[in-house]
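Here's the structure, in structure tokens; my notes come after.
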Amino acid sequence: MNPDFLVIGAGVAGLRAAIELAGAGQVLVVAKDSLRESSSEYAQGGIAVALSDDDEVELHEQDTLYAGDGLCNPTAVRTLVEEGPAAIQELIEWGAEFDREGAKLAFTREAAHSRNRILHAHGDSTGREIARTLYHKAASLPNVTFRSYAATTDLLLDDGAVGALLYDAAAQREEAVHARAVLLATGGLGCVFLNTTNPDVATGDGVAMAYRAGAEIGDIEFVQFHPTALHVEGAPRFLLSEALRGEGAQLRNQDGERFMERYHPMKELAPRDVVARAIVSEMNRTSAPHVFLDLTHRERGFARGRFPRIYETCLRYGIDIERQAVPVAPAAHYAMGGVWTDLDGRTSVERLFAAGEVACTGVHGANRLASNSLLEGVVFGARAGRAMREAADLAANYDREEPMESGRLTPADRRQKTIGCPTQRIAWDKCGIVRDAAGLREACLQLEPHAHENAAQVALLIARCALAREESRGAHFRTDYPEKRSELARHSVVSKDADVAFR
Ligand SMILES: Cc1cc2nc3c(=O)[nH]c(=O)nc-3n(C[C@H](O)[C@H](O)[C@H](O)COP(=O)(O)OP(=O)(O)OC[C@H]3O[C@@H](n4cnc5c(N)ncnc54)[C@H](O)[C@@H]3O)c2cc1C
């Protein structure tokens with residue numbers, strides 16, 4: 001039977017929305033891999049919230065606006081920081097166990113935060129703990145059902161209906177599912193790039209599907225490159241959390257020189273884009289494929305106690321971070337842009353909602369403040385859930401017919417499954433950390449023929465919007481326009497029916 005609500009994605013945003021929706025009808029949550037495979041599961045550092053004794057929501061607001069480099073939607077930022085503390089209290093009530101010092105919550109510092117405001121769980125498994133809590137809460141509610149290995153290949157928006165085409169990998173069957181409202185909570189797009197910290201599920205499907213369905217896409221040129229991903233031959237680009245630098249880890253080049261003081265007064269704790277570009281510059285200068293992250297000056301036992309997951313993972317690849325500096329290089333990490341929504345997750349398409357990393361409320365502006373995205377998932381996931389309940393009331397006459405099964409459908413080409421080989425290379429080389437018009441134009445030409453694939457379509461949107469944004473701001477850096485331009489302190493918006501415009 002068709003559900004009342006279809007939630008596409010089982011990360012923090014989808015799970016949080018599902019909890020909100022459970023009281024209003026049948027909720028189906030689908031994930032294209034196992035239910036656990038998501039960026040949420042891998043989020044290490046923590047979740048930012050103004051809850052410590054010396055913190056205030058205004059300070060969290062200021063830091064977020066500063067990181068966003070003049071492009072944040074101030075109302076979205078205010079909503080995030082104001083609703084954050086209650087969202088965390090709720091998680092704690094539902095069983096989330098954040099690390100504590102005695103009875104008090106323990107807060108750490110990350111780059112560009114003016115206070116210690118990062119909550120963490122089991123040292124460096126914060127996302128896993130939050131996702132676990134939300135999953136158990138959602139699964140305890142009678143109306144919520146889950147389907148893993150069920151990938152959405154396209155949205156269905158015929159004759160006022162809203163739904164999606166699902167490919168069930170186990171049954172090797174395709175079916176159309178309709179609902180009163182659909183939430184895109186498909187997460188990020190890091191896998192569009194050759195080097196990424198993201199899990200394999202993060203191929204930008206939500207953005208590509210929404211674009212094909214006619215929805216507006218906002219600020220998609222803003223991709224955050226994390227400065228410090230593990231760079232070892234044959235190993236995944238495992239993230240080495242900002243919190244390591246927060247705890248004193250130093251960046252050194254091939255000559256052993258601590259170089260960040262030459263680039264920014266905040267040194268290793270400068271904004272992420274500054275650190276990423278500084279690393280690229282040092283790699284180019286010394287003709288090296290990586291730099292080093294060095295925590296060896298901390299006392300023995302510290303790293304394995306504070307960062308057990310990072311410690312174990314590096315050890316698996318032959319590096320004891322308590323004794324050796326770790327080879328690191330930047331990798332695509334987080335999408336500030338996405339499907340354009342209001343603060344309640346409404347997209348430009350009726351009864352299609354989006355929340356979490358796939359959405360663009362403008363809360364992160366041109367660059368995300370570290371650890372604001374898990375918070376974004378819980379705050380805006382809940383808001384989208386509430387708005388979907390209202391939308392469902394309006395669609396009360398919707399017909400709960402049986403889903404259509406395969407055989408009656410033209411098999412979709414499962415666009416999200418494949419990433420054409422050239423896409424990641426083109427995106428990395430031409431739409432990456434350092435951009436210019438010539439490279440972006442080439443990227444457009446080279447990606448166009450592959451735009452039927454989700455990843456290539458997303459890379460093409462990034463290239464087109466990056467080309468239109470003739471300035472440098474936040475995570476978007478152009479050598480041919482190295483300065484910020486006040487007339488471009490606006491959001492880029494593009495859709496299938498309209499070229500890139502700024503609003
Ligand atoms: C390594 C790493 C570390 C991070 N550390 C932090 C941190 O410390 N603090 C912080 O705030 N943020 C961190 N982030 C960012 C943060 O984890 C993400 O932005 C956030 O978890 C996104 O949540 P989400 O619910 O929007 O998406 P996700 O958690 O990525 O979930 C996406 C879901 O969508 C599903 N999906 C995708 N496509 C389809 C499809 N076609 N059909 C069906 N299902 C689909 C996936 O299977 C998955 O269930 C980190 C990210 C990474 C990768």
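Predicted model, so just to flag it, every value in this text is computed and none were measured. We're numbering straight along the sequence, starting at 1. In each ligand, atom 1 is the first atom listed, and ligand 1 is the first ligand listed.
- Within the 4.0 Å heavy-atom shell around ligand 1 one finds S371.
- For atom 12 (N) of ligand 1, the nearest non-hydrogen atom from the set S373, G377, S148 comes from S373.
- When only modelled atom types and interatomic distance are considered, R212 and N454 share a side-chain donor-acceptor pair under 3.5 Å.
- Contacts of H113 classified as ring pair (Phe, Tyr, Trp, His ring centres under 6.0 Å), with partners at least two apart in sequence or in another chain: none.
- Using the six-membered ring where Trp is involved, Y135 and F146 have ring planes that are tilted, between 30° and 60° apart.
- Of all the heavy atoms of R368, the ones lying under 4.0 Å from any atom of ligand 1 belong exclusively to the side chain.
- Nearest-heavy-atom check against atom 9 (N) of ligand 1 across A43, S38, G46, G45 picks out G46.
- With sequence neighbours excluded, the residues satisfying side chain to side chain contact (heavy atoms under 4.5 Å, CB included) with C465 are I220, E221, S492, V494, V500.
- If you check each of T186, L119, L15, I118 against atom 36 (N) of ligand 1, the one with the closest non-hydrogen atom is T186.
- Residue contact annotation: H333 has a non-hydrogen atom under 4.0 Å from ligand 1.
- The atoms of ligand 1 that sit less than 4.0 Å from any heavy atom of Q44 are 5 (N), 8 (O).
- Using cut-offs of 30° and 60° for the angle between ring planes, the H450 and H452 rings count as tilted.
- Counting heavy atoms under 4.0 Å from ligand 1, residue I47 does not touch it at all.
- Counting heavy atoms under 4.0 Å from ligand 1, residue D205 touches it through the side chain alone.
- Only the backbone of E37 comes within contact range of ligand 1, with a heavy atom under 4.0 Å; no side-chain atom does.
- Contact analysis puts I8 in contact with ligand 1, with a non-hydrogen atom separation below 4.0 angstrom.
- Below 4.0 Å from some heavy atom of A185 lie the following atoms of ligand 1, by number and element: 32 (C), 33 (C), 34 (O).
- Those atoms of ligand 1 with a heavy atom of Y334 less than 4.0 angstrom away are 19 (O).
- For the side-chain contact (heavy atoms from CB on, under 4.5 Å) test with V349, the passing option among L157, V162, L155 is L157; the others fail.
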